[in-house]
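Working notes for the structure below.
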Amino acid sequence: MRYDLVIFDNDGVLVDSEPIANTILAGYLTELGHPTTYEDSLRDYMGAAVHRVHDLIRERTGQALPTDFDDTLHARTFAAFERELSAVEGVTEVLEKLQADAVPYCVASSGSHERIRVGHRRTGLDRWFTDGIVFSAQDVGKGKPAPDLFLHAAERMGVSPERCVVVEDSRLGVQAALAAGMDVYGFTAMTAEDELNGAHGHFRAMTELPALLV
């Protein structure tokens, strides 16, 4: 394999959470008086940490979101995950192959550690991701499209950025990986290929990924 470390995004790449999370986010913002469609949420917030929601609302309206916004959003999202969340089709087969080939991997997500863990427990992916290989934007304080999270993951895993490959499904994530000096492959199951400009390759089914990494 060409790489010494495979870094997975979480939402939309490992767990099929983007439709659930963006439906809830759009509904909650609309409820608060900031009309937002599901498509708006995907365009503006997919792949981003929650601070981006605060930043864009303040920039566009001059208003601050409620102080309990994050807690309420997370509670609604986690409850929906417990009811509905599933792993992305084919991802366990990819993880099995990486383990069989002794290729290190980790997850680097804009979501909180709690969000990652809730999703992994619900889908059974927790068996593949121990604490030492789970990284969150919480760890660096600056989420995608900044490169900080991916650089932090590489440093913690002991691999230089140029030997890493990132698997992403969001525009912000691709930008972050490129800024970190890493190769990146765009997963287009939910995102149009032209939204992932700059990616070194694109794939629509997770089973296609291993062939791109050799």
Side-chain angles (χ1 to χ4, degrees), residues 8-89 91 107-123 125 135-146 148-149 167-177 186-197 199 204:
F8 290 96
D9 175 43
N10 188 57
D11 292 293
V13 171
L14 297 176
V15 295
D16 194 17
S17 54
E18 294 291 8
I20 300 170
N22 283 281
T23 296
I24 290 169
L25 176 57
Y28 187 26
L29 287 174
T30 300
E31 177 185 318
L32 292 173
H34 305 289
T36 305
T37 66
Y38 172 71
E39 291 74 20
D40 292 337
S41 185
L42 288 176
R43 181 194 65 226
D44 293 339
Y45 306 120
M46 183 173 167
V50 70
H51 69 76
R52 180 176 171 85
V53 184
H54 290 268
D55 293 345
L56 283 186
I57 292 296
R58 186 178 294 108
E59 176 185 313
R60 290 170 174 174
T61 70
Q63 300 174 21
L65 290 168
T67 56
D68 64 348
F69 177 84
D70 291 11
D71 290 342
T72 301
L73 177 66
H74 292 156
R76 294 182 183 187
T77 302
F78 296 166
F81 282 0
E82 293 290 356
R83 296 190 304 269
E84 307 171 41
L85 190 63
S86 60
V88 168
E89 185 176 357
V91 77
V107 58
S109 172
S110 292
S112 66
H113 278 284
E114 184 182 11
R115 177 182 173 125
I116 297 167
R117 283 306 183 201
V118 167
H120 286 188
R121 285 195 301 269
R122 173 67 178 84
T123 59
L125 291 180
F135 306 103
S136 160
Q138 284 182 312
D139 302 331
V140 294
K142 195 172 183 183
K144 307 167 189 177
D148 303 41
L149 174 57
V167 184
E168 265 288 354
D169 72 331
S170 75
R171 173 177 53 86
L172 298 177
V174 169
Q175 291 172 356
F187 184 39
T188 61
M190 266 194 65
T191 311
E193 189 171 314
D194 60 6
E195 286 288 310
L196 304 178
N197 287 332
R204 186 168 180 80

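- Ring geometry for Phe78 versus Phe81: interplanar angle of 30 to 60°, hence tilted.
- Using a cutoff of 4.0 Å between basic side-chain nitrogens and carboxylate oxygens, Arg52 and Asp55 are not scored as salt-bridged.
- Between Leu29 and Thr36 the shortest heavy-atom distance is CB-OG1, 3.6 Å.
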Val88 and Val13: CA distance, side-chain angles, deciding distance, side-chain contact (heavy atoms from CB on, under 4.5 Å) verdict:
CA-CA 6 Å; Val88 168; Val13 171; 5.7 Å; no

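- Contact detail for Asp11 and Asp9: the closest heavy-atom pair is O-OD2, 3.0 Å.
- Looking at heavy atoms from C-beta onward, His34 lies in side-chain contact with Leu65 at the 4.5 angstrom threshold.
- No donor-acceptor pair under 3.5 Å is formed between the side chain of Asn22 and the backbone N or O of Pro19.
- With contacts defined as side-chain heavy-atom distances shorter than 4.5 Å, the pair Leu14/His120 qualifies.
- Side-chain atoms of Arg58 do not come within 3.5 Å of backbone N or O of Ala64 as any donor-acceptor pair.
- Leu42 is not listed as a side-chain neighbour of Glu39, based on a closest heavy-atom distance of 4.5 Å or more.
- Here the CD1 atom belonging to Ile20 is positioned 13.5 Å from the CG atom belonging to Leu25, to the nearest 0.5 angstrom.
- Taken to the nearest 0.5 Å, the CG atom of Leu73 stands 7.5 Å off from the CD1 atom of Ile24.
- Glu114 contributes atom CD, which lies 8.5 Å from atom CD of Gln138 (distance to the nearest 0.5 angstrom).
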Between Arg43 and Asp40, does the side-chain contact (heavy atoms from CB on, under 4.5 Å) criterion hold? Intermediate values first, please.
CA-CA 5 Å; Arg43 181 194 65 226; Asp40 292 337; 3.3 Å; yes

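- Taking every heavy atom of both residues into account, Leu149 and Ser110 meet most closely at CD2-N, 4.2 Å.
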Test side-chain contact (heavy atoms from CB on, under 4.5 Å) applied to Lys144 and Glu168, step by step:
CA-CA 11 Å; Lys144 307 167 189 177; Glu168 265 288 354; 2.6 Å; yes

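- Nearest heavy atoms, Ser41 versus Ala26: CB-CB, 4.2 Å.
- In this structure, Tyr45 OH and Leu172 CG are separated by 11.5 Å, a value rounded to the nearest 0.5 Å.
- Remark: Asp16 CG to Leu85 CG distance equals 7.5 Å, nearest 0.5 Å.
- Contact of the Leu32 side chain with the Gln63 side chain is not registered, since no non-hydrogen atoms from C-beta on lie closer than 4.5 Å.
- Ring-plane geometry between Phe69 and His54 is classed as perpendicular, the angle between the planes exceeding 60 degrees on a 0 to 90 degree scale with a lower cut at 30.
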From CA spacing to verdict: side-chain contact (heavy atoms from CB on, under 4.5 Å), Arg60, Asp44:
CA-CA 12 Å; Arg60 290 170 174 174; Asp44 293 339; 3.0 Å; yes

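- Leu125 and Val15 get closest at one heavy-atom pair: CD1-CG1, 3.8 Å.
- Using a 4.5 Å heavy-atom cutoff, the side chains of Val140 and Phe135 are not in contact.
- Partner of Met46 under the side chain to side chain contact (heavy atoms under 4.5 Å, CB included) criterion, out of Glu195, Glu18, Arg171: Glu18 alone.
- Heavy atoms only, all atoms of each residue included: Ser112 and Ser136 are closest at CA-OG, 3.6 Å.
- Contact annotation: the side chain of Asn197 never approaches that of Val174 to less than 4.5 Å [non-hydrogen atoms, C-beta and beyond].
- Within 6.0 Å of the CD atom in Glu89, the count of heavy atoms belonging to other residues, nucleotides or ligands does not exceed 12.
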